[in-house]
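Here is the structure we will look at.
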Amino acid sequence: MPIRLYNTLTRQIEEFKPLEGNTVRMYTCGPTVYAYAHIGNFRTFLFQDVLRRYLKYAGYEIRHVVNLTDVDDNTIRNSQAENVPLRAYTDKYIEAFLDDRQLLNLEEPEYLVRATDCIPEMVQLIQKLVDKGFAYLSEGSVYFKVAAFPAYGQLTHVDFSGVRTGARVDSDKYDKENARDFVLWKAAKEGEPFWETPFGPGRPGWHIECSAMSMKFLGETFDIHSGGSDLIFPHHENEIAQSEAASGKPFVKVWMHSEHLIVNNEKMSKSLGNFYTLRDLINKGYKPSAVRYLLVSVPHRKPLNFTFDGLHQAQQSIDRLRNFRFRLTKESFPAGESLTLQNRAHEARQKFEAGLDDNLNTAEALGAIFDMVRDGNTAMDRGEFREGDRGAFLDTLERWDRIFAVLEDDDHAKLVKFGFVKPSTAVDSAPVAVNETGNGHQGAGLIESLSDEEIEKLIAERKAARLGGNYARSDEIRTNLLKAGVILEDTKAGTRWKRK
RNA sequence: GGCGCGGUACCCAAGUGGUAAGGGAGAGGUCUGCAAAACCUUUAUACGUGAGUUCGAUUCUCACCCGCGCCUCCA
């Protein structure tokens, strides 16, 4: 089945096929790096990650550009407030963004580019627009002349031609000919960073960077452009206008937008202050994989209501999946194989692929994999599972996880890597970090932690104690480990441990 | 006002013109030195409200109610 995607431009689900060859060229509006990105932002980045992962899964080559807006009112204001050069200020948040991406298992795009590294391309593009009569200079700034581009409004599906102009917007603030006109290049202000250009010193407007950067790396026409639904207007509408006016060609084939994250019936946003960053959630004891799972579990065109209960549920769901994989790899089964069972695994694979084919319906893909998990478990419990059946189930699971990327139990390792957790050595003195979260769930307490080696050592000791009938010692070790945030499970395949 | 998204069990959430996936929670059970965990089973005469089309609608049409977003910076 071909992949079908909902296109905001046509308002229809369309069969996807790359414009040229086997390569998908896609562009993503990245963050403005003046603060930590919040998980609402990451919902969009995660949706894009699922998109690119599934396109790869389907056999396409990906050429993906993500921009970093490192010059705008906010970055300038904040860097000046801290008395730091703009570049140094934004470096900090770019680094944080990259860390968060790794924590959330976001694949690295082929091009991750700072806006300020593409100023010449922007200037060129603006010059072209001026030359072609789509832009005009005024008081040192350059504006796009919306009236010169009749197709304006095609993405928003609004006819702007009859809209009154100048009445509502304070048109005297700028010297624009028309209130709808938007700025391509802003004249330099006293004390602000600027670049020298043929139209005078200044800095780029918000929209031009995305046109210039996408065209630089992907060409004048490319396959997919995506972002949050709040970017449809004016940002993406303006991008289309600028790009198509300059090139005379269609800009983008498929526009994809994700709905917002909702908190207490409001959009999560920086301006409302109702946001959580990944750091916030990690510090409350939640695992990055749970955040990824939650944000990816609801198809991108539906609003997603963020709650701590939801995060907790996500964590439980991942555990169920990981538990199944543990059984699958560690338990021993009788020799032989069961074609019926293996067919179940193949069916599950087809079903999850069919779900993702359908405009990335992640919920359906999730359902398919859980069906398989239940059937697999049942077969194991009944003794019907055979050694030869492992492969089929593992294969489906592995394929599924190429998209979802939550099965690897590496949260702890990542938290250590990024400095959220300090390794500790003393078992009995390890503090019990109980973090109450908003919903009363007990946080994982990942403040300090034992190393894997130390845990394994204690488990070996406990095993010996149990074999010798010394249950007092065995239980003591179990209790101490639990206090240190490590849960032991005695399974048929031996003692298994995991971190809370 | 314009444009868009949504209203499915206690919570989250798929889906279909022919009678409701999946996850969490709850309940029951299996396993176990104990415990925990795990696993299994189970939980919607019902899909915002009212009409209409139909042999039949949660799924189509119309109206209405409610929540959210965009229309200004915003993923």
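Protein chains get the first letters and strands the later ones, always in sequence-line order, with residue 1 at the start of each.
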Which nucleotide in the list [options] gets nearest to the side chain of [X]?
| X | options | answer |
| --- | --- | --- |
| A:Lys302 | B:rC3, B:rG7, B:rA75 | B:rG7 |
| A:Gln313 | B:rG24, B:rG33, B:rA75 | B:rG24 |
| A:Arg466 | B:rC34, B:rC5, B:rA75 | B:rC34 |
| A:Tyr6 | B:rC5, B:rA21, B:rA75 | B:rC5 |
| A:Gln316 | B:rA37, B:rA25, B:rG22 | B:rA25 |
| A:Asn41 | B:rG69, B:rC71, B:rA75 | B:rA75 |
| A:Val298 | B:rA75, B:rG33, B:rA13 | B:rA13 |
| A:Glu489 | B:rC34, B:rA37, B:rC68 | B:rA37 |
| A:Lys267 | B:rG69, B:rC34, B:rG15 | B:rG69 |
| A:Pro303 | B:rA75, B:rG6, B:rC11 | B:rG6 |

Heavy-atom donor-acceptor pair, [X] side-chain to [N] base, under 3.5 Å:
| X | N | answer |
| --- | --- | --- |
| A:Ser474 | B:rG33 | yes |
| A:Arg180 | B:rC71 | no |
| A:Arg320 | B:rA38 | no |
| A:Asp490 | B:rA35 | yes |
| A:Glu259 | B:rC5 | no |
| A:Asp475 | B:rG33 | yes |

Atom-pair distance ([atom1] on [X]; [atom2] on [N]), nearest Å:
| X | N | atom1 | atom2 | result |
| --- | --- | --- | --- | --- |
| A:His312 | B:rC11 | NE2 | P | 17 Å |
| A:Asn323 | B:rG24 | CG | P | 10 Å |
| A:Ile369 | B:rA21 | CD1 | C1' | 14 Å |
| A:Leu261 | B:rC12 | CG | P | 14 Å |
| A:Phe352 | B:rA13 | CZ | C1' | 19 Å |
| A:His260 | B:rC71 | NE2 | P | 9 Å |
| A:Glu239 | B:rA75 | CD | P | 13 Å |
| A:Arg499 | B:rA37 | CZ | P | 19 Å |

Task: Heavy-atom side-chain contact between A:Pro31 and A:Tyr93 under 4.5 Å - done: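 Counting from C-beta outward, A:Pro31 and A:Tyr93 never come under 4.5 Å.
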
Open item on the list: So does A:Ala187 get a backbone contact from the side chain of A:Ser141, meaning a donor-acceptor N/O pair under 3.5 Å?
Closed with: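 Yes; at least one donor-acceptor contact below 3.5 Å.
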
If we call it a pair only when both distances are under 3.5 Å in a Watson-Crick or G-U wobble match, what pairs with [N]?
| N | value |
| --- | --- |
| B:rA21 | none |
| B:rU59 | none |
| B:rG26 | B:rU42 |
| B:rC64 | B:rG48 |
| B:rU32 | none |
| B:rG69 | B:rC3 |

May I ask you to say what [X] touches in the nucleic acid, namely base, sugar-phosphate or nothing, with a heavy-atom cut-off under 4.0 Å?
| X | result |
| --- | --- |
| A:Ile232 | nothing |
| A:Gly227 | sugar-phosphate |
| A:Arg496 | nothing |
| A:Ser258 | nothing |
| A:Met380 | nothing |
| A:Leu488 | base |

TODO: Assert yes or no for the condition that the ring centre distance of A:Phe222 to A:Phe251 is strictly below 6.0 Å.
DONE: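 Between A:Phe251 and A:Phe222, which both carry aromatic rings, the centre distance is below 6.0 Å.
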
Task: CG-SG distance between A:Asn67 and A:Cys210, expressed to the nearest 0.5 angstrom - done: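 Between A:Asn67 CG and A:Cys210 SG, I get 4.5 Å after rounding to 0.5 Å.
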
- [ ] Can you measure from NE2 (A:His346) to CG (A:Leu341) and round to the nearest 0.5 angstrom?
- [x]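 Reported value, rounded in 0.5 Å steps: 11.0 Å.
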
Task: Contact nearer the 5' end of RNA chain B, comparing A:Thr156 with A:Thr307 - done: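 Per heavy-atom nearest nucleotide, the more 5' residue is A:Thr156.
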
Open item on the list: I want to confirm an ordering. Mapping A:Ile487 and A:Tyr471 to their closest nucleotides on RNA chain B, which one lands closer to the 5' end?
Closed with: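 It is A:Tyr471, whose closest nucleotide lies nearer the 5' terminus.
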
- [ ] Evaluate side-chain hydrogen bond (donor to acceptor under 3.5 Å, both in side chains) for A:His235 paired with A:Glu239, printing each intermediate quantity in order.
- [x] CA-CA 6 Å; A:His235 186 52; A:Glu239 275 187 56; 2.9 Å; yes

Integer angstrom distance from the [atom1] of [N] to that of [M]:
| N | M | atom1 | answer |
| --- | --- | --- | --- |
| B:rA21 | B:rA46 | C1' | 15 Å |
| B:rG26 | B:rC11 | C1' | 11 Å |
| B:rG24 | B:rU58 | P | 29 Å |
| B:rU45 | B:rG2 | P | 38 Å |
| B:rC10 | B:rU19 | P | 24 Å |

- [ ] Before accepting this row, confirm whether a basic side-chain N of the pair A:Arg496/A:Asp490 lies closer than 4.0 Å to the acidic partner's carboxylate O.
- [x]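 Salt bridge absent between A:Arg496 and A:Asp490.
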
Can you tell me if [X] touches the phosphate of [N], counting only side-chain N or O atoms and a distance under 4.0 Å to OP1 or OP2?
| X | N | answer |
| --- | --- | --- |
| A:Asn361 | B:rA14 | no |
| A:Arg301 | B:rC5 | yes |
| A:Arg11 | B:rG4 | yes |
| A:Arg374 | B:rG22 | yes |

Task: Within 45° cone and under 6.0 Å: A:Arg301 NZ/CZ vs A:Tyr6 ring - done: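 Here A:Arg301 passes the 6.0 Å and 45° test against A:Tyr6.
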
TODO: For the pair A:Trp400 and A:Phe404, name the ring-plane relationship: parallel under 30°, tilted 30 to 60°, perpendicular over 60°.
DONE: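 Judged by the thresholds at 30° and 60°, the geometry between A:Trp400 and A:Phe404 is parallel.
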
Task: Identified side-chain hydrogen bond (donor to acceptor under 3.5 Å, both in side chains) counterpart of A:Thr28 within the set A:His64, A:His225, A:Arg52 - done: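 Exactly one pass, corresponding to A:His64.
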
